[in-house]
Structures are given as structure tokens and as C-alpha cells.
Amino acid sequence: MSAAQQIGFRSSGPLHERRRDNLPHRHLSFLMQQSHRPLCQIWAEALLGASARRTDAVIEPDVLFEEDPSPEAVAANLLKTGESADAISVISADHPLVGQVIDELRVKGVPVIAYVSDVSAASRTGFVGTDDWKAGRTAAWFISQTSRRPGKVFALIGSNRYQFQDISDASFRSYPGKNWLQRIALSARRAELVRVAKPSERGSSWAMW
């Protein structure tokens with residue numbers, strides 16, 4: 001077909017369609033976080049582009065934004081999406097309810113892959129993301145190398161329910177050779193600091209997941 005296109009063969013269009021029809025078709029669903037998050041929009045565009053570039057299969061991507069990231073809503077979306085998808089990728093907090101649905105879908109032959117943040121469900125097919133332990137240690141090492149004077153270090157996290165935040169935070173605070181004195185929890189919904197440093201404290205460093 002590529003040779004026909006190079007020589008300008010007019011019937012290369014039907015050849016392309018015939019070849020496309022002979023390829024395996026896969027319906028993949030991607031459950032993302034809230035649509036107002038710019039990073040999720042970037043990921044969605046990248047997933048759609050990567051699906052279109054596949055030449056060994058016809059990928060029909062379906063990107064769904066979860067405006068409600070609660071475990072109950074994510075579990076319901078997983079069950080509904082599993083009725084038509086060949087496979088599902090999901091960004092979710094690690095929760096027993098989500099894990100139960102992943103197990104149910106695996107029994108039905110629908111694999112679920114954790115994306116960005118891993119989950120503890122035994123039946124999840126795989127995980128696509130960074131090494132969270134290394135990420136936390138790298139951040140701690142960076143601060144230890146760039147801090148010009150002693151000071152307190154604060155780690156801001158959105159929710160401990162997300163493994164990538166919880167593990168990065170634990171790795172960051174347990175960095176050897178450093179005494180991390182405080183930790184600040186950041187409410188994911190209200191964006192309010194639960195504990196704040198005293199105004200008189202200076203020489204502080206920050207890390208956010």
C-alpha cells in the first residue's frame with residue numbers, strides 16, 4: 001500500500017480502507033480525573049494521538065473525565081465502561097470498592113490498568129507511571145543539595161488515598177541523613193492547609209506532590 005501511495009496510485013484509498021478493515025479493532029477506555037485540570041487535558045490529547053498512530057491495530061479510544069473522583073463514583077464508572085470496553089485505564093485513589101470492581105471486571109475478561117497512581121487490587125493488569133519511591137527520594141536529595149542553610153521542610157500532598165502521593169511522601173520524609181521536621185497536609189477539595197508554619201520561621205523548603 002505504501003508503494004501505491006508513493007507512485008500516486010489513485011486507488012490507494014480503498015486499499016487503505018481494506019487494510020484497516022483487516023486489522024484487529026480494540027475499544028480502549030481511559031478514565032481520567034476532572035476535566036478542568038490542564039494536565040489531564042494534556043494526557044487525554046496524548047492518548048488520543050498515540051491511539052491514532054497505531055499501525056498494527058485500529059484503536060477506538062474513549063476518554064472519560066471523572067468530575068467526581070470519589071471511590072463510589074469511580075467504581076460505578078468502571079462498571080459502566082466495562083460493558084463496552086476491551087480494556088480500561090484508570091486514575092483512581094486506592095480504595096477497596098475500586099479494587100472490588102477491578103476484580104469483577106477481570107473475571108468478565110476486561111483488564112484494568114492503573115495509570116499515574118497505582119492501586120492495590122490484585123487483579124489489576126498492570127501499572128503505567130513513575131517509581132514513586134524514587135520520586136520522593138529524588139525530591140529530598142534535590143532539596144538537600146540546594147538548601148543553603150538549615151531549615152524546616154514541608155511536604156504538601158493532596159490525598160493519602162493516592163498511592164503515588166502517599167509513597168512519594170513517605171520516601172521523601174524517610175530520606176537518610178535528613179531530619180524532616182514537619183509535614184503539611186493539603187486538602188484536595190478545599191485547598192486549605194491543615195497545619196501551617198509559624199510566620200516567624202524562615203529558611204523553609206517546600207515539596208508538593
Side-chain angles (χ1 to χ4, degrees), residues 25-55 57-106 108-121 123-132 135-136 139 154-169 172 184-194 206-209:
H25 286 62
R26 298 289 183 266
H27 179 198
L28 305 183
S29 292
F30 303 92
L31 298 184
M32 311 291 289
Q33 292 284 294
Q34 294 103 324
S35 59
H36 68 271
R37 299 180 181 272
L39 184 57
C40 289
Q41 293 286 352
I42 294 174
W43 285 338
E45 293 177 4
L47 289 169
L48 292 175
S51 299
R53 290 191 297 271
R54 298 291 300 190
T55 59
V58 178
I59 305 299
E60 301 173 3
D62 188 13
V63 177
L64 304 174
F65 290 98
E66 300 170 318
E67 304 303 334
D68 181 2
S70 67
E72 294 79 9
V74 173
N77 286 333
L78 280 171
L79 282 175
K80 183 178 180 180
T81 304
E83 296 175 357
S84 58
D86 293 314
I88 304 173
S89 175
V90 62
I91 302 176
S92 172
D94 193 9
H95 191 276
L97 187 58
V98 175
Q100 180 181 349
V101 172
I102 292 176
D103 293 340
E104 293 178 10
L105 291 173
R106 182 62 179 266
K108 296 179 181 180
V110 181
V112 177
I113 299 172
Y115 184 55
V116 178
S117 186
D118 204 358
V119 294
S120 58
S123 296
R124 68 119 169 88
T125 302
F127 166 63
V128 177
T130 59
D131 186 321
D132 303 321
F154 304 89
L156 283 80
I157 62 174
S159 172
N160 288 104
R161 284 188 172 182
Y162 289 89
Q163 278 198 25
F164 82 103
Q165 297 187 42
D166 192 37
I167 295 176
S168 296
D169 177 49
F172 180 83
I184 289 182
L186 181 64
S187 171
R189 290 195 173 185
R190 298 181 181 178
E192 296 175 347
L193 293 179
V194 176
W206 301 80
M208 179 178 292
W209 313 117

Shortest non-hydrogen contact from Y162 toward P69: OH-CB, 4.0 Å

Heavy-atom pair with the smallest gap, counting every atom of F30 and P61: CE1-CB, 4.0 Å

Could you list the donor-acceptor pairs under 3.5 angstrom formed between side-chain atoms of residues 82-93 and any protein atom two or more places apart in sequence or on another chain?
| residue | atom | partner | partner atom | Å |
| --- | --- | --- | --- | --- |
| D86 | OD2 | H27 | N | 2.7 |

Euclidean distance, Q34 CD relative to E66 CD, rounded to 0.5 Å: 8.5 Å

Compare every heavy atom of F127 with every heavy atom of S117, then report the nearest pair and how far apart it is. C-CE1, 3.6 Å

Strictly distance-based, threshold 3.5 Å: is any side-chain N or O of Q165 a donor or acceptor partner for the main-chain N or O of I157? no

Let me confirm one number: the CD1-CZ distance from I59 to R53, rounded to the nearest 0.5 Å. 12.5 Å

Closest approach of W43 and M32, non-hydrogen atoms and distance? CB-CE, 3.4 Å

With no hydrogens and no angle check, just 3.5 Å: does a side-chain donor-acceptor pair link Q163 and D94? yes

Can you see which heavy atom on P71 is nearest to which on L97, and at what distance? O-CD2, 4.1 Å

Quick check: does any side chain N or O of Q41 sit under 3.5 Å from a backbone N or O of S35, one acting as donor and the other as acceptor? yes

D103 meets the side-chain hydrogen bond (donor to acceptor under 3.5 Å, both in side chains) criterion, sequence neighbours left out, with S123

How long is the span from the CG atom in L156 to the CG atom in D169, to the nearest 0.5 Å? 9.5 Å

Single hit among T81, T125, L78 for side chain to side chain contact (heavy atoms under 4.5 Å, CB included) with L105: L78

Report the distance from atom CD1 of I167 to atom OG1 of T130, rounding to the nearest 0.5 Å. 9.5 Å

Heavy-atom nearest pair, E60 first then H25, reads OE2-CD2, 3.8 Å

One should read off an interatomic distance between L31 CG and I113 CD1, to the nearest 0.5 angstrom, of 12.0 Å

CG/L79 to CD1/I102 distance, rounded to the nearest 0.5 angstrom? 10.5 Å

Under a 4.5 Å cut-off applied to non-hydrogen side-chain atoms, are S168 and D132 in contact? yes

Got Q33 and L39 here, is their nearest side-chain heavy-atom distance under 4.5 Å? no

